[in-house]
Amino acid sequence: MSNEPYKAQEIEQKWRRQWEARGMHTVSDAVPRPKYYCLDMFPYPSGSGLHVGHWRGYVLSDVWSRYKTLQGYKVLHPMGWDAFGLPAENDAIKKGIHPRMSTDQNIRTFRRQLDEIGAMYDWSREIDTTDPHYYRCTQWIFLQKYHHGLAYKAFMPINWCPSCKCGLANEEVVDGACERCGTPVIKKEMQQWMLRITRYAERLL
């Protein structure tokens, strides 16, 4: 057993470069192997970078993707950015810049960090929900639901911060207060879009 110290920066950069040069994580239809799809929950690029909670979740899917690859599967393991919505808007407000700028900056940082940890992602399949080529499809899907009576407006209670003047997701309410400004959160009836998923309840069961 060698007493030479493990040179993480040197060794890991070397192998990441080799994996990238060989296209090790890129899925090709020309490869005659059974297919396997491993999908992570895409992160909100709404902070200055990854935190331990991100990688805690991603390490499991990364290990599983490598395991399935060793079993002989052609594994599609994509990564993308759930970049629309309140987290991105709040981050832009905090930084005092346009959401497009803050989102692009955050995505570049997150992507670099995910590269540095050597995650097995096929970056040729990267998705950004703020890309017009992506959201024109989601808008089209929404319109189909609307025209078929599956999307409708209704008054429903939401978590409301009177100071920030915005709705909050449950995870943004800490001990009954807005996590950003500390103001007590109230329930407020607001008109919002709803999806009539109950129409398919029996079919799904």
Side-chain angles (χ1 to χ4, degrees), residues 38-64 78-114 116-117 119 121 126-131 134-135 137-139 141-143 145-146 149-202 204-205:
C38 183
L39 179 63
D40 283 304
M41 182 177 75
F42 296 159
Y44 303 125
S46 56
S48 56
L50 291 172
H51 53 70
V52 173
H54 285 113
W55 188 227
R56 183 180 62 185
Y58 297 146
V59 71
L60 296 174
S61 58
D62 191 59
V63 168
W64 186 253
M79 179 45 73
W81 319 105
D82 189 2
F84 261 136
L86 191 60
E89 292 167 12
N90 284 342
D91 185 56
I93 290 168
K94 187 185 342 182
K95 292 175 179 173
I97 59 177
H98 193 280
R100 175 78 276 163
M101 291 175 59
S102 62
T103 298
D104 287 346
Q105 287 175 8
N106 293 341
I107 285 175
R108 284 194 296 272
T109 301
F110 274 50
R111 195 182 193 283
R112 176 182 55 76
Q113 291 175 319
L114 285 170
E116 287 174 353
I117 59 180
Y121 295 124
E126 182 179 3
I127 289 173
D128 174 2
T129 58
T130 61
D131 181 344
Y134 178 88
Y135 66 69
C137 297
T138 59
Q139 288 177 342
I141 291 169
F142 178 84
L143 286 173
K145 291 180 179 181
Y146 175 74
L150 299 173
Y152 63 98
K153 281 186 174 180
F155 280 91
M156 295 292 288
I158 66 167
N159 300 317
W160 180 260
C161 175
S163 175
C164 297
K165 293 183 171 41
C166 67
L168 303 174
N170 287 336
E171 58 266 27
E172 294 173 307
V173 179
V174 180
D175 296 327
C178 172
E179 70 170 355
R180 187 172 66 194
C181 71
T183 302
V185 170
I186 62 172
K187 288 289 183 183
K188 184 176 182 178
E189 291 265 334
M190 293 191 72
Q191 190 179 51
Q192 52 195 300
W193 285 104
M194 310 293 289
L195 296 178
R196 207 181 302 275
I197 61 174
T198 50
R199 184 174 293 182
Y200 294 90
E202 289 301 317
L204 290 170
L205 289 173

Visitor: Where do C161 and T183 come nearest, in terms of heavy atoms and distance?
Guide: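 Of all heavy-atom pairs spanning C161 and T183, the closest is SG-CB, 4.1 Å.
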Visitor: Provide the closest heavy-atom pair for I117 versus W55 in the form atom of the first, atom of the second, distance.
Guide: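 Taking I117 first and W55 second, the nearest heavy atoms are CD1-CE3, 3.2 Å.
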Visitor: Are any of the side-chain heavy atoms of L50 and E116 separated by less than 4.5 Å?
Guide: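 They are not in contact (no side-chain heavy atoms under 4.5 Å apart), so the answer is no.
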Visitor: If I take atom CZ from residue F155 and atom NZ from residue K188, how far apart are they, to the nearest 0.5 angstrom?
Guide: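 The NZ atom of K188 is 11.0 Å from CZ of F155, to the nearest 0.5 Å.
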Visitor: Would you check if there is a donor-acceptor pair between the side chains of T130 and R100 at a distance under 3.5 Å?
Guide: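 The criterion, which ignores hydrogens and geometry beyond distance, is satisfied for T130 and R100.
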Visitor: Does W81 reach the side chain of P43, with side-chain heavy atoms less than 4.5 Å apart?
Guide: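 When only atoms from C-beta onward are counted, P43 and W81 do touch, with a gap below 4.5 Å.
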Visitor: Please indicate whether Y134 has more than 12 foreign heavy atoms, meaning atoms of other residues, nucleotides or ligands, lying under 6.0 Å from its OH.
Guide: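 Open: at most 12 neighbouring heavy atoms sit under 6.0 Å from OH of Y134.
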Visitor: Using only atom types and a distance under 3.5 Å, with no angle test, would you say the side chain of R196 pairs donor to acceptor with the backbone of G149?
Guide: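 Yes; at least one donor-acceptor contact below 3.5 Å.
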Visitor: To the nearest 0.5 Å, what is the distance between CZ (F84) and CG (D128)?
Guide: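 Between atom CZ of F84 and atom CG of D128 there are 8.5 Å.
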Visitor: State whether the number of non-hydrogen atoms from other residues, nucleotides or ligands found under 6.0 Å of Q191 atom CD is greater than 12.
Guide: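 Result for CD/Q191: enclosed.
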Visitor: What orientation do F142 and W193 show, parallel under 30°, tilted 30 to 60°, or perpendicular over 60°?
Guide: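 F142 vs W193 ring planes: perpendicular.
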Visitor: Can you see which heavy atom on S46 is nearest to which on A88, and at what distance?
Guide: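 Heavy atoms of S46 and A88 come nearest at CB-N, 3.9 Å.
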Visitor: Please check if the number of heavy atoms outside Y146 that lie under 6.0 Å from its OH is greater than 12.
Guide: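 No, the 6.0 Å shell around OH holds no more than 12 heavy atoms from other groups.
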Visitor: Side-chain contact test, heavy atoms from C-beta onward, threshold under 4.5 Å: evaluate it for P78 versus I127 and give yes or no.
Guide: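 Not touching, per the 4.5 Å side-chain cut-off.
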Visitor: With rounding to the nearest 0.5 Å, note down the distance linking CD in E89 to OG1 in T103.
Guide: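 Between E89 CD and T103 OG1, I get 9.0 Å after rounding to 0.5 Å.
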Visitor: Can you confirm whether K145 is buried at NZ, in the sense that more than 12 heavy atoms of other residues, nucleotides or ligands lie under 6.0 Å from that atom?
Guide: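 Atom NZ in K145 is not packed in, count stays at 12 or less.
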Visitor: For I197, does the CD1 atom sit with more than 12 other heavy atoms under 6.0 Å from it, leaving out its own atoms?
Guide: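 It does not: I197 CD1 has 12 such atoms or fewer within range.
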Visitor: Could you check if a side-chain atom of D40 sits within less than 4.5 angstrom of a side-chain atom of Y121, using non-hydrogen atoms only?
Guide: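 Heavy-atom side-chain distance check passes, below 4.5 Å.
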Visitor: To the nearest 0.5 Å, what is the distance between CG on N106 and OH on Y44?
Guide: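 These two atoms lie 14.5 Å from each other.
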Visitor: In Å, rounded to the nearest 0.5 Å, how long is the span from CE of M79 to OG of S61?
Guide: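 These two atoms lie 7.0 Å from each other.
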Visitor: Does the pair S163 and C178 meet the rule for a side-chain contact (heavy atoms from CB on, under 4.5 Å), with working shown?
Guide: CA-CA 9 Å; S163 175; C178 172; over 6 Å; no
Visitor: For the residue pair E126 and R111, establish whether any side-chain heavy-atom pair is separated by less than 4.5 Å.
Guide: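 In contact.
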Visitor: Applying the side chain to side chain contact (heavy atoms under 4.5 Å, CB included) criterion to W160, which one of K187, M190, E189 satisfies it?
Guide: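 The option that passes is M190.
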Visitor: Determine the minimum heavy-atom distance between T109 and G49, stating which atoms define it.
Guide: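 Answer, listing the atom of T109 first, then G49: CG2-CA, 4.1 Å.
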Visitor: Kindly say whether Y58 contributes a backbone atom to a donor-acceptor pair with the side chain of D62 at under 3.5 angstrom?
Guide: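 No, D62 side chain to Y58 backbone: no donor-acceptor pair under 3.5 Å.
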Visitor: How many angstroms lie between atom SG of C166 and atom CD of E172, to the nearest 0.5 angstrom?
Guide: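 Atom-to-atom, C166:SG and E172:CD are 7.5 Å apart.
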